[in-house]
There are 2 protein chains.
Amino acid sequence: MPQVRPMRADARRNYERLLKVAAEAFAEHGEGASLDDIAKRAGVGSGTLYRHFPTRQALLEAAYVERIEAIAARADELAGHLPPGEALVEWLNELGVGMIQVRGLKALLGSTVTDGSSAAATLCADTMRSAVTRLVEAAQREGTLRPDVEPIEVLRLAHGVATASELADGEGKAIRRYLALLTEGLRPGT
Amino acid sequence: MPQVRPMRADARRNYERLLKVAAEAFAEHGEGASLDDIAKRAGVGSGTLYRHFPTRQALLEAAYVERIEAIAARADELAGHLPPGEALVEWLNELGVGMIQVRGLKALLGSTVTDGSSAAATLCADTMRSAVTRLVEAAQREGTLRPDVEPIEVLRLAHGVATASELADGEGKAIRRYLALLTEGLRPGT
DNA sequence: ACCTGAACACCGTTCAAGT
DNA sequence: ACCTGAACACCGTTCAAGT
């Protein structure tokens, strides 16, 4: 049963223009970019925006799918080049830099790791979770990552590290350091 | 030179009503509480609010000074009861719970640990920094905390831990666990 | 079926007019 | 010196009217 009937030509055109403009707007003004402005810049009535993307979250997600998928693909790429533990840390580093430098991305990723009891499992959430799960389980098998940490917890901690780094300098310069503090711990080394 | 001439009676009354109402509003609606609503509830024109508190940040800070000072005082109290390392962790735990449960507090504290090159040193920032500095330096002298971590970094990491915990459950239940992961590190224990 | 855009209910901020 | 509140410029969201 093909639930998704093809869109009417004008609808499809509007949909795509909205996505393109939205990506620009979020990049420029962050997650809070004016929806009305996006509709206007796409040459579309505001109602049309709401028809295609009922919530800001839906638009944000749709505008960033490609980037999310690139991040997920990067996980496998790193897993191919590096030992599991290093692959995980390097991926978390790139993820953190992205969250700080790509405006709006951090907010979107945050919503993919919330308790989500109500929130339906979105595409972005699934993509991110399966990517991190592969890296985490490999590192745990290798013995370089605590066995009692769940993949989603690692994503949440990455979010925390990004937040801390953002407070530090607003760019991504502190990510690597705070990530190291997290992996090594705050206790003095032996 | 007494720079602060005493306020006119009506001004002082308005100031205090605004503070009281603001504290309630922030507690109820978070840091984004409507300023216009606060002014109305205080029985005051919106211009009066702006006269006393030129920015939302100023109002937020003024509304929470007492709470900030209580948190700082708690640092010394814990330092009296516990060995330095434990005092620090316990304080960070209470701080984290506060950031999650007291609406608006996390945002305010975030602004006190940003790179602050431009932002003047505010009272809240000073209070928090001196409190954490005492705990951190004591723990470092004791040898239970890495010597290369700066006090303000610990505050930023605490913010990160709170963020991660907030994503986990929206209350403070995960704080202690994520704090433990931070202090012990993500590597497997020996 | 889909789009438009006016209408509505909300913001924060400013500033002329009042006391 | 301080306060008031209308005025302005902005939001997001809905929905009757159009094609």
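Just so it is clear, the structure is predicted and the values come from calculations on it, not from any experiment. Each chain gets a letter, A, B and so on, in the order the sequences are listed, and its residues count up from 1.
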Whole angstrom value for the distance that separates C1' of D:dG12 from NE2 of A:His52: 18 Å
Plane angle bin for B:His52 and B:Tyr15 - parallel if under 30°, tilted between 30 and 60°, otherwise perpendicular: perpendicular
N/O (side chain, B:Ser46) to phosphate O (OP1/OP2, D:dG5) under 4.0 Å: no
Pairing nucleotide - D:dC15, Watson-Crick or G-U, each distance under 3.5 Å: C:dG5
Under-4.0 Å salt bridge between A:Glu77 and A:Arg74: yes
Distance in angstrom units between B:Leu49 CG and C:dT13 P, rounded: 10 Å
Distance in angstrom units between A:Tyr50 OH and C:dG5 P, rounded: 16 Å
Contact under 4.0 Å: A:Asn14 side-chain N or O vs C:dC2 OP1/OP2: no
B:Arg146 atom CZ: more than 12 heavy-atom contacts under 6.0 Å: yes
Nucleotide D:dC3, atom P - distance to CZ of B:Arg13 in whole Å: 9 Å
Atom pair distance, as rounded to whole Å: CZ in B:Arg8 and P in C:dT19: 13 Å
A:Asp36 CG to D:dT14 C1', straight-line distance once rounded to whole Å: 13 Å
Touch class at under 4.0 angstrom, heavy-atom based, for A:Ala33 against every strand present: sugar-phosphate
Rounded distance (Å) that lies between atom P of C:dC3 and atom CZ of A:Phe53: 11 Å
A:Arg56 to A:Glu31 - nearest heavy-atom pair and separation: NE-O, 2.9 Å
Strand partner of D:dC10, provided both Watson-Crick or wobble distances fall under 3.5 Å: none
Protein-nucleotide distance (A:Asp10, atom CG; D:dT19, atom C1'), rounded to Å: 10 Å
Sugar-phosphate, base or nothing in reach of B:Arg56, heavy atoms under 4.0 Å: sugar-phosphate
Residue B:Leu35, side-chain atoms from C-beta onward, closest of C:dC3, C:dT13, C:dT4: C:dT13
Under-4.0 Å side-chain N/O to phosphate OP1/OP2 contact, A:Ser34 with D:dG12: yes
Whichever of A:Thr48 and A:Gly32 has its nearest DNA chain D nucleotide further upstream toward 5': A:Gly32
Cationic N near anionic O, under 4.0 Å, B:Lys20 to B:Glu16: no
